[in-house]
Amino acid sequence: MDSILENLTVPQLEAVTHRDGPMIVIAGAGSGKTRVVTRRIAWLISQGVWPSQILAMTFTNKAAREMRERVEALVGQAPRSIGTFHGCCARFLRRDIDKLDCGRNHDFTIYDDEEQKTLLKQCIKAAGKIPRGLTPSLLSTAISNSKNGRKSLAAALQDDDYLDLLPVIEKIAEDYEKRLQECNAVDFDDLLLLTVRLLEEVPGMADIYHNRFRYLLVDEYQDTNHLQYQLIMRLANEEQNVHVTGDPDQSIYSWRGADYHNIMSFTQDFPNAKLVKLEQNYRSTPTILNAANSVIENNSRRIPKELFTENADGRLITELLAHTDRHEAEWIVRKTRRLRQNGHSWRDCAVFYRTNAQSRVLEEAFVKAGIPYQLLGGLRFYERKEIKDFLALLRIKVNPSDAVAFERVFANFPICEGLGGKALAELQNAAALAHQPVVTYAASEAYRAGLKGRSQKTERLRRLSNWLRQLLETPATPVATAVQEIERFTDFMRQLELQHGQDNLLERRENVQSFLERAQNFTNDNPEADLAAFLEDVALVADVDSHDPQADGVVLMTLHSSKGLEFPYVFIAGVEEGVLPHARATARPGALDEDLDQLEEERRLFYVGITRARRAVYLSHVALRFQYGGYKPSSPSRFLEEIPPGLVRRFLYRNGDEIPMR
């Protein structure tokens, strides 16, 4: 008990030891939010609450892992149901999806964005001639908005130029859902939607979950969307032991459906809720916090709070004007090198930017300077071709109905060489007539017995059938053994050379070896888990989860990706009108005034970036930025004017020198 309550402030202690009933904790940046959530879980367990009665949900695997580790360190065990929203829902569906009339079983596959768009391309092709502009990206966004908002496609498209094409879009969306079911697959939004439907539509299921989970804790509540809000409301039992933690000032994900009104209206949803504010910051200097407070107080729609700290003052904020974005990148490289020369690690420095397009110039500058860096939000490890190919093998092993994975194997593996699209279509049609998944059908003895003759095509199909049979017969546990056995059976390392020759062969093989090690680590942590659980874990990895805090390189990422992280030295590039705030927030077609919601979210994004810093903040903007094929004039962001002049040192960067400005 002493270790659980040790070194807590009065507000933190109040939040940790609140026993029953709803509570909302408004936790400012760097105020010990994770400490409060984890110690509250540990305190509940110390008070006799069974770990299995606690459900804690957050947004990233990194945050969930940190919660589990801290709780285990405090009380020796952690609730199994600590995880991301999508991860928790996936586990619920693995157990109970058979009870819901949704056309899937517990071996379902989770499709990522690429696989979702592959399926939509098939739907577009099947729809015949359709108007230009109906891209898989547009359709996936519309379908996602429809699912997350639990609204019709018409409502999801209400601000879109494609509303007049609604009948075509609805036809494609209907075909997409049908194909998902045929593949025994779900997309990310389905994980939430089907769980909510499970609680709503299956008699008695809500009561089962209410009895199972007596205490519900939600982290980063300001980032929840409408569907997540409904999930929380369905999981809340009569006791209303709902504990949410968050900060409206850090709500920055409206573009993916997050609705900060959820946190703003919590006390209306739960009128007897206890409200606790955490305002003492343990991360940043007073200078950084005073600047951040001065910026965010310009937002009108927030829960008032004032961050403070007992840390030393620290250095003033640096604001720099460069001539072009190349000069801006050059200056950032020089500053990081100077910090390195002064005894700091490369990883102590992070460079944030508003749009991914800004990263190219920055990357080029770091490459030219020979400075190591990590890029978050680029091509993720699990999106690399060789990893996607290997994952396709595992997916058809777990879920033979996964037609998208089978098509990937069919197109990329030498075992299928010489068997073109016509052979694949024939195989798929024959499986459909037999009412079997295509992989199960192709691997069956009956299929092989039906292959008559000795033609080259027949021999290839017979060889493929035997290959699939052996793949399906591979044990699914333990995970590391299964993955290693599939790599050995398919001779995957050799296949890489057959597919790609010497093109990045060493790097590709190193990536596959890293994947095998990842499977071994997963098995060490989850000895009873099977391949389905491993694939689920892989599918739910987010960009921020790829950040390696031990790798000694400067970290490059978007401001959106920076949330939840912290660094001693933070650079924010492109603090300019039209960039930060983004042009979409300052000019709307047909509107004479600015969209207040969007502008305030851009200000929150700037606030999040500033509050990631522990020791110093560097803000840069340029006179000319390269956009749309040429240099365009740029002006400083209005947000810079909101920082008190006494907190900032301003410089002009010219010919490699920093010239002080008034």
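Across all non-hydrogen atoms, the minimal contact from Y221 to V218 is CD1-CG1, 3.8 Å.
In this structure, F406 and L427 have side chains that are in contact, with non-hydrogen atoms separated by less than 4.5 Å. Residues I82 and T58 are not in side-chain contact: their nearest non-hydrogen atoms beyond the backbone lie 4.5 Å or more apart. L180 has its side chain within reach of D187: a pair of non-hydrogen atoms, C-beta onward, lies under 4.5 Å apart. By the 4.5 Å heavy-atom criterion applied to side chains, T245 and E220 are not counted as neighbours. In this structure the side chain of R234 reaches within 4.5 angstrom of the side chain of Q230, judged on heavy atoms. Using a 4.5 Å heavy-atom cutoff, the side chains of L433 and N429 are not in contact. Two residues are said to be in side-chain contact when any heavy atoms from C-beta on lie closer than 4.5 Å; R91 and R80 meet this criterion. In this structure, S359 and L556 have side chains that are not in contact, with every pair of non-hydrogen atoms separated by 4.5 Å or more.
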Decide yes or no on side chain to side chain contact (heavy atoms under 4.5 Å, CB included) for R104 and D190, but give the supporting numbers first. CA-CA 11 Å; R104 283 88 159 182; D190 284 329; 3.5 Å; yes

R212 vs Q53, test: side-chain hydrogen bond (donor to acceptor under 3.5 Å, both in side chains). Steps then yes/no. CA-CA 6 Å; R212 182 178 296 155; Q53 294 178 317; over 6 Å; no

Going through the checks in order, is the side chain to side chain contact (heavy atoms under 4.5 Å, CB included) test met by V202 and R197? CA-CA 8 Å; V202 179; R197 284 185 52 200; over 6 Å; no

What do the steps show when you test T84 against M57 for side chain to side chain contact (heavy atoms under 4.5 Å, CB included), and what is the final call? CA-CA 5 Å; T84 64; M57 296 187 291; over 6 Å; no

Give the intermediate values and the outcome of ring-ring contact (aromatic ring centres under 6.0 Å, His included) for residues F92 and F213. CA-CA 12 Å; F92 299 159; F213 300 118; 5.7 Å; yes

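Aromatic ring orientation, Y253 versus H560: tilted (interplanar angle from 30° to 60°). The aromatic rings of F85 and F59 sit tilted relative to each other, their planes meeting at an angle between 30° and 60°. Using cut-offs of 30° and 60° for the angle between ring planes, the F366 and Y373 rings count as tilted. In this pair, F413 and W467 present their aromatic rings tilted. The plane angle is within the 30 to 60° band.
Around CD of E174, the count of heavy atoms belonging to other residues, nucleotides or ligands within 6.0 Å does not exceed 12. Remark: D101 CG is loosely packed, at most 12 non-hydrogen atoms of other residues, nucleotides or ligands lying under 6.0 Å away.
Every residue two or more places apart in sequence or in another chain that forms a ring-ring contact (aromatic ring centres under 6.0 Å, His included) with F534 is listed here: F515, F522. In this structure T38 satisfies the side-chain hydrogen bond (donor to acceptor under 3.5 Å, both in side chains) test with no other residue, sequence neighbours excluded. Remark: N105 pairs with N184 by the side-chain hydrogen bond (donor to acceptor under 3.5 Å, both in side chains) rule, at least two apart or across chains. Residues that satisfy the ring-ring contact (aromatic ring centres under 6.0 Å, His included) test with Y441, not counting sequence neighbours, are Y447. W50 pairs by the side-chain hydrogen bond (donor to acceptor under 3.5 Å, both in side chains) definition with nothing, not counting sequence neighbours.
Listed by first then second residue, pairs satisfying salt bridge (Lys or Arg N to Asp or Glu O under 4.0 Å) with a partner in residues 45-61 number zero, not counting sequence neighbours. Sorted by first and then second residue, the ring-ring contact (aromatic ring centres under 6.0 Å, His included) pairs with a member in residues 99-120 form an empty list; sequence neighbours excluded. The list of salt bridge (Lys or Arg N to Asp or Glu O under 4.0 Å) pairs with a residue in residues 35-55, not counting sequence neighbours, is empty. Applying the salt bridge (Lys or Arg N to Asp or Glu O under 4.0 Å) test to pairs two or more places apart or on separate chains, those with a residue in residues 435-447 are E445-R448.
Remark: E115 does not engage R408 in a salt bridge, criterion side-chain N to carboxylate O under 4.0 Å. A salt bridge links K147 with E177: the closest approach of a Lys/Arg side-chain nitrogen to an acidic carboxylate oxygen falls below 4.0 angstrom. Under a 4.0 Å N-O distance rule, the pair R518/D537 qualifies as a salt bridge. Electrostatic pairing of E386 and R508 counts as a salt bridge here, judged by a charged N lying under 4.0 Å from a carboxylate O. Using a cut-off of 4.0 Å between Lys/Arg side-chain N and Asp/Glu carboxylate O, K178 and D175 are scored as not salt-bridged. Here E459 does not pair with R463 in a salt bridge; the nearest charged N to carboxylate O distance is not below 4.0 Å.
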Using distance only, find each side-chain donor-acceptor pair of residues 476-486 under 3.5 Å and give its atom names and separation, not counting sequence neighbours.
unit_1: E485; atom_1: OE1; unit_2: R488; atom_2: NE; d: 3.3
unit_1: E485; atom_1: OE2; unit_2: R488; atom_2: NE; d: 3.4
unit_1: E485; atom_1: OE2; unit_2: R488; atom_2: NH2; d: 2.4

In a table with atom names and distances, give each donor-acceptor pair under 3.5 Å that connects a side chain of residues 69-77 to protein atoms at least two apart or in another chain.
unit_1: R70; atom_1: NE; unit_2: E66; atom_2: OE2; d: 3.3
unit_1: R70; atom_1: NH2; unit_2: E66; atom_2: OE2; d: 2.6

Mind listing the side-chain donor-acceptor pairs of residues 117-126 below 3.5 Å, one per line with the distance, residues two or more places apart or on another chain?
unit_1: K117; atom_1: NZ; unit_2: S137; atom_2: OG; d: 3.4
unit_1: T118; atom_1: OG1; unit_2: E114; atom_2: O; d: 3.0
unit_1: Q122; atom_1: OE1; unit_2: R179; atom_2: NH1; d: 3.4
unit_1: Q122; atom_1: NE2; unit_2: E407; atom_2: OE1; d: 3.0
unit_1: Q122; atom_1: NE2; unit_2: E407; atom_2: OE2; d: 3.4

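Judged by distance alone, with hydrogens and angles left aside, the side-chain atoms of D107 form no donor-acceptor pair with the main-chain N or O of N399 at under 3.5 Å. Proximity of a side-chain donor or acceptor of S465 to a complementary backbone N or O of R462 within less than 3.5 Å is not detected. T195 places a side-chain N or O within 3.5 Å of a backbone atom of L191 that can act as its donor or acceptor partner. K33 places no side-chain N or O within donor-acceptor distance of the main-chain N or O of G246, the cut-off being under 3.5 Å. S562 contributes a side-chain N or O that, together with a main-chain N or O of L559, makes up a donor-acceptor pair within less than 3.5 Å. Judged purely by atom type and a 3.5 angstrom limit, N262 uses its side chain to pair as donor or acceptor with the backbone of T224. Put simply, the side chain of R509 gets close to the backbone of M493: a donor and an acceptor are under 3.5 Å apart. Of the possible polar contacts, one joining the N225 side chain to the L227 backbone as a donor-acceptor pair under 3.5 Å is found. Put simply, the side chain of E201 never gets that close to the backbone of L198: no donor and acceptor are under 3.5 Å apart. Distance alone, capped at 3.5 Å, is enough to place a donor-acceptor pair between the D348 side chain and the S345 backbone.
Under the 3.5 Å distance criterion, with hydrogens and angles disregarded, a donor-acceptor pair is assigned to the side chains of K385 and N412. Side-chain contact, D189 with N148: a donor N or O sits under 3.5 Å from an acceptor N or O. If you check the side chains of Y209 and D96, you find a donor sitting under 3.5 Å from an acceptor. Between the side chains of N524 and Q520, at least one donor-acceptor pair of N or O atoms lies under 3.5 Å.
Note that CG of L391 and CZ of R384 are 13.0 Å apart. Values are rounded to the nearest 0.5 Å.
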